Every structure is written in C-alpha cells, then in structure tokens.
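If you're wondering where the values come from, they're calculated on a predicted model, not measured in any experiment.
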Amino acid sequence: MRMKKWLSFLLSAAIAATLAPPDVIMAAAPKADVWDTTAAEGSEGGYADTIDGTISGTFGQELTWNIDREGNFKIEGTGKMPDIKLSEDVPWNDYRSEIKSVVVGEGITNIGDLSFYDCEQLTEVSLPDSLTEIGPVAFAYCSKLDGLTLGNNITKIGDLALFTCTGISEMVIPSSVLNIGNDVFRDCKSLKNIYFLGNAPAFGNNQVFDGDTLTLHYPAGAVTGWDELKATGFGADNITWRAGCYGNNHVWETDYRVDTEASCTSEGSKSIHCTLCDETKDRQVIRGGHTYETVVTKATVSQNGKLAQRCLKCGTEASSQTIYAPKTVTLEKASYQYAKKAFTPAVAVTDNSGQVIPPNCYTVSYSNNTAVGTASVNITFQGNYSGTLTSTFVINPKGTSISKLKAKTKGFVVKWKKQSVQTSGYQIQYAQNNKMKSAKIVKIGNSKTKTKTISKLKARKKYFVRIRTFKTVKGVKYYSSWSAVKKITTK
C-alpha cells in the first residue's frame, strides 16, 4: 500500500500542471465509518441516506455520485469530471475499497485523473457514448477489472490509465482514438490481444505495453501508420503484429476455398475466406474416400494384361480382371488354287485361356495373297490388346488334266492341257495300281510342254497315270492337285 501511495504521489506531481483548481473538489463524506448512517445530513460533500444506506454526494458543479451497500457506484451529470492532485481528493476516496462496479452517466465527457485509482474490488465499468477522454491513472491498480468497453467518441487515453490492471485479457480500441499516453497498458499481465479498429494512434512512449506479451491486431487494408510503427521496432520482442479484421469488418470471398484436401481415408474441409485477413467462415466438410477409375494394362502377344479399378488418389486397386494374351490364329482355309484374284480367308483368334477374342479387338491385313506362293495374314491388336500376330496360307498353281494316253511298245505317250499361267512345269506320276503305290514321277520343267513319252516299261502291262502342275517361288515348289487317274496298257 505504501508503494501505491508513493506512486500516486509521484504521478500526481507529474501531472499537477494540468489539474483543475482545488476549489472544484468537494469534501468527502465522513471517514470514521463508511456506512455510518448517523452522519449528519448536509455534511459537506455528501451524506448518509438513513433509509437504504446509499452514500451520495457532489463532484464539481455539474456532477453527482452515489454508492450503495453492494458496491455499485454511479456518477451522473454533464461535462468534465474535475482533475485532482491526489487520489485522496476525490469525494468517494473513503469508499474506493467498496466499489465493485462503475456506471458513468451519459453527458459526462471524461474520466478525471486518478478517479478510480486502486479500486481493488472493481470488476466492471460502463462508459457513455459522450465520453471523449480517460484521464491519467484513472483505473490504475484496478486488478480485478476484467474488461473495459470504449465508446466510439473517445479520442485520448491518458498516461498509466490502465497501469497494472492485471485482470484485463482483451481490449478493443475504436478508430476514434488518436492518442494513447505513456505506459497505458504497462504490467497488464493477463492482456493478450488488443484490437485496433482504425489508423495507428500516437503513442506516448515505447513502454506503453512494457511487461506484456501480447498480439496487436490492426486493420488490414487501407489504414495508415501501422507499417511505419512496426518498422520502428515499437514494442520490441514482446509484441506480435497481426493484420486482420475485428468483429464484422471482414470482406468475404464469394467462392469456397479448400483448406484441407480430403484423402482416401480422411475428410477435408473448405470455407469462405476473408480477403483482408486469414479468418474464415461457413466451414464445410469435404468427404473423403477412394475415387476409382478403370485402368487397362493391355495384354500383349506374349504376356497377359489386366483390367483394374484403381483409385486416382492413392493407387489402391479395388478389383482386377485378367486380359489373357492372344495365342492362336485360325484361318478359314489353309490353301487356295490360283484364280487371278486376292484371297482373304476369315480369321479367328483365341487367347491362352482358349476363349475367342472379339473381332473388334484387332484388324486384319493381307499380303502376297494373289499369286502362287505363301500369303501372309497380319493381325494387329487394339483396345485392351497390343502387338501383332502373323499367320500364312498357300496359293497353289491351277491344275491340268490328261487329254490323251497312247500305248506304245513298252511305254505310252501322255498328252495334257497346257497351263502356263503361274506355272513352272508339270509332274507325271504312274504306277501299276490305282492307289499309286510305288509310283514313279517324271518332271517336265517347261510349262509350255504338252506331251511326254514314257518308255522302258514292261510290255503288255496296265499302268495308272495322273498329272499336276507346279511353280517354284524363291526355291520352294508349290503343287496343284493331281488330275483324275487314267489307265493304259503298254504294247
């Protein structure tokens, strides 16, 4: 208490030049017993109400005050509260320790110096819209005061006004405030956030927030002074600066923004963001879970493929189906007889499980499929398959037939129809039985030849004879079918 008295004296001395004349300060009510209802009515500065125990008095020319037994203090009137030199000079000084709440009436324009200094039981204060100034040391050492709502007409907060108000955790400074004096919030140990709603006010010194570790919230957007104030290192390391919006001053985006992406195993979220600060609203859950797509690993001619339901996000497969590799090509016919046209046998393809592959899964092309020789069939796979399989078929030369057999001594003469197109020559086969067992073959290497004499045979023996054509392509002989068998008996 001695330290507080000493501080009160020093502070009063420091601001004495600005204090009101002493003749405006009225005497306090009797001090012997603060609730002594026997005090004489009309005692200078106040009296005891013998009916309800309310103590009341005057302060200056325009103001009246009263306090009841519950500690509810009220001051009413118009104009300024007089400034004083010492805390003992306010007429309710003897009741400071009893004051629990303060109501300042509409019409009063300031809280005078030291007015509620060291009201150790004070927990709440109601201020009027008419208030423009809070004087120095006005609420210093009000350790139980847990909040102070300032009106929108306050322009100045005096030196040490809230010094050591250890119960205050948050303050909102209206945009009307232009000046904050020395050490106003010093040693407010519970104060964590101060919200400034306008331009940066003028601060009395760099110890305004000394002893406090707090966040200063200042408006985002077109307000002045804050960047310059931060650049000076104001408040040093105990201050965190944060641009933002207070109350309903946000400017909201129109579209949702994703805050947390949903995963396959967890939910995400989205919300509407403020364009000026990092506040959000209207948070909505984004449902998690797998998102599947059909993924095809194509089957090749040498390896099976796969048809899978795979998650787009994490790659998890929900199900899969084997696409079996193509294996066998079957042609409608394996050989043809030359006919001056292209041959295109139908194709069927089966996979390595024995199932037929649909025709729309491949295309078919043919080559060398007109002339005598080996033709190629190329199957090119598509869709769920890839690669190529090749098959072949044979085009043989057109056959001929024996037109005449003529017997001769120990032999016979064979005549046939010439077949010179796509033909290299002929083969004549003869035997002594119609099954052509142990038959002999005579080759004629000129396709234009039409007759051949067979000799050195046995006399008066029956022979069976037939003929076919052949063509040589790249060293390979291709034969027509044998003609019908005819028989003849040698002489």
Side-chain angles (χ1 to χ4, degrees), residues 34 46 49 52-60 62-84 87 90-158 160-177 179-181 184-185 188 190-191 193-198 246-248:
V34 296
D49 183 5
D52 59 11
T54 298
I55 304 298
S56 62
T58 61
F59 190 30
E62 304 292 337
L63 307 179
T64 62
W65 62 273
N66 65 74
I67 179 172
D68 63 21
R69 288 184 178 275
E70 282 71 42
N72 300 310
F73 178 94
K74 187 173 184 179
I75 184 167
E76 297 178 294
T78 57
K80 295 182 62 176
M81 293 174 62
D83 292 325
I84 60 174
S87 62
V90 293
W92 52 84
N93 181 62
D94 288 335
Y95 313 107
R96 289 182 186 275
S97 62
E98 310 298 326
I99 296 175
K100 296 180 181 179
S101 70
V102 169
V103 175
V104 180
E106 188 65 42
I108 296 176
T109 58
N110 81 310
I111 304 294
D113 306 348
L114 296 157
S115 293
F116 300 102
Y117 169 81
D118 197 24
C119 290
E120 58 189 22
Q121 299 300 319
L122 179 61
T123 60
E124 57 181 308
V125 175
S126 175
L127 301 177
D129 289 337
S130 59
L131 199 71
T132 61
E133 183 178 339
I134 297 176
V137 205
F139 294 100
Y141 280 111
C142 294
S143 58
K144 291 187 178 181
L145 182 62
D146 59 7
L148 191 65
T149 301
L150 305 179
N152 291 325
N153 293 309
I154 291 182
T155 60
K156 182 178 180 180
I157 303 174
L160 293 144
L162 297 170
F163 179 73
T164 316
C165 287
T166 55
I168 297 176
S169 61
E170 178 177 297
M171 283 289 296
V172 178
I173 308 300
S175 59
S176 59
V177 175
N179 187 282
I180 294 178
V184 169
F185 300 104
C188 293
S190 299
L191 186 59
N193 293 281
I194 300 181
Y195 297 88
F196 291 90
L197 304 187
Y246 180 78
N248 295 318

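- Note that the OG1 atom of T132 and the NZ atom of K80 stand 8.0 Å from one another [nearest 0.5 Å].
- Scanning both residues, N72 and S101, for their nearest heavy atoms gives OD1-OG, 2.8 Å.
- For the side chain to side chain contact (heavy atoms under 4.5 Å, CB included) with L127, the lone residue among L150, V102, N153 that qualifies is L150.
- By the 4.5 Å heavy-atom criterion applied to side chains, I55 and Y95 are counted as neighbours.
- Taking 4.5 Å as the limit, every side-chain heavy atom of L114 sits out of range of all side-chain heavy atoms of V90.
- In this structure, the separation between CG on L197 and CD1 on I173 is 8.5 Å, given to the nearest 0.5 Å.
- The two residues G105 and P128 have their closest heavy-atom pair at O-CG, 3.4 Å.
- Rounded to the nearest 0.5 Å, atoms OG (S115) and CG (D83) are 7.5 Å apart.
- Contact annotation: the side chain of P82 approaches that of L63 to within less than 4.5 Å [non-hydrogen atoms, C-beta and beyond].
- For the pair I168/F139, no side-chain contact is recorded, criterion being any heavy-atom separation below 4.5 Å from C-beta on.
- Rounded to the nearest 0.5 Å, atoms OG1 (T54) and CD (E70) are 8.5 Å apart.
- Considering every non-hydrogen atom in both G107 and S130, the closest pair reads N-OG, 2.8 Å.
- When side chains are defined from C-beta on, V125 does not count as touching I111, because their heavy atoms never get closer than 4.5 Å.
- Here the rule is side chain to side chain contact (heavy atoms under 4.5 Å, CB included) with Q121, and of K144, E98, R96 only K144 fits it.
- Closest heavy-atom contact between A138 and G112: CB-O, 4.0 Å.
- With V137 as the partner, the side chain to side chain contact (heavy atoms under 4.5 Å, CB included) test is satisfied by one option alone out of D118, L162, L160: L160.
- In this structure, the side chain of S176 does not engage the main chain of T155 through any donor-acceptor pair within 3.5 Å.
- Counting all heavy atoms, side chain and backbone alike, D113 lies closest to I84 at O-CG1, 3.3 Å.
- Between the CG atom of L122 and the OG atom of S97 there is a distance of 12.0 Å, given to the nearest 0.5 Å.
- For F73 and F116, the gap between ring centers is short of 6.0 Å.
- Separation of atoms CG (L148) and SG (C142) is listed at 9.5 Å; rounding is to 0.5 Å.
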*Can you list the steps and then say if T149 with V172 is a side chain to side chain contact (heavy atoms under 4.5 Å, CB included)?*
CA-CA 7 Å; T149 301; V172 178; over 6 Å; no
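- Nearest heavy atoms, I75 versus M81: CD1-CE, 4.0 Å.
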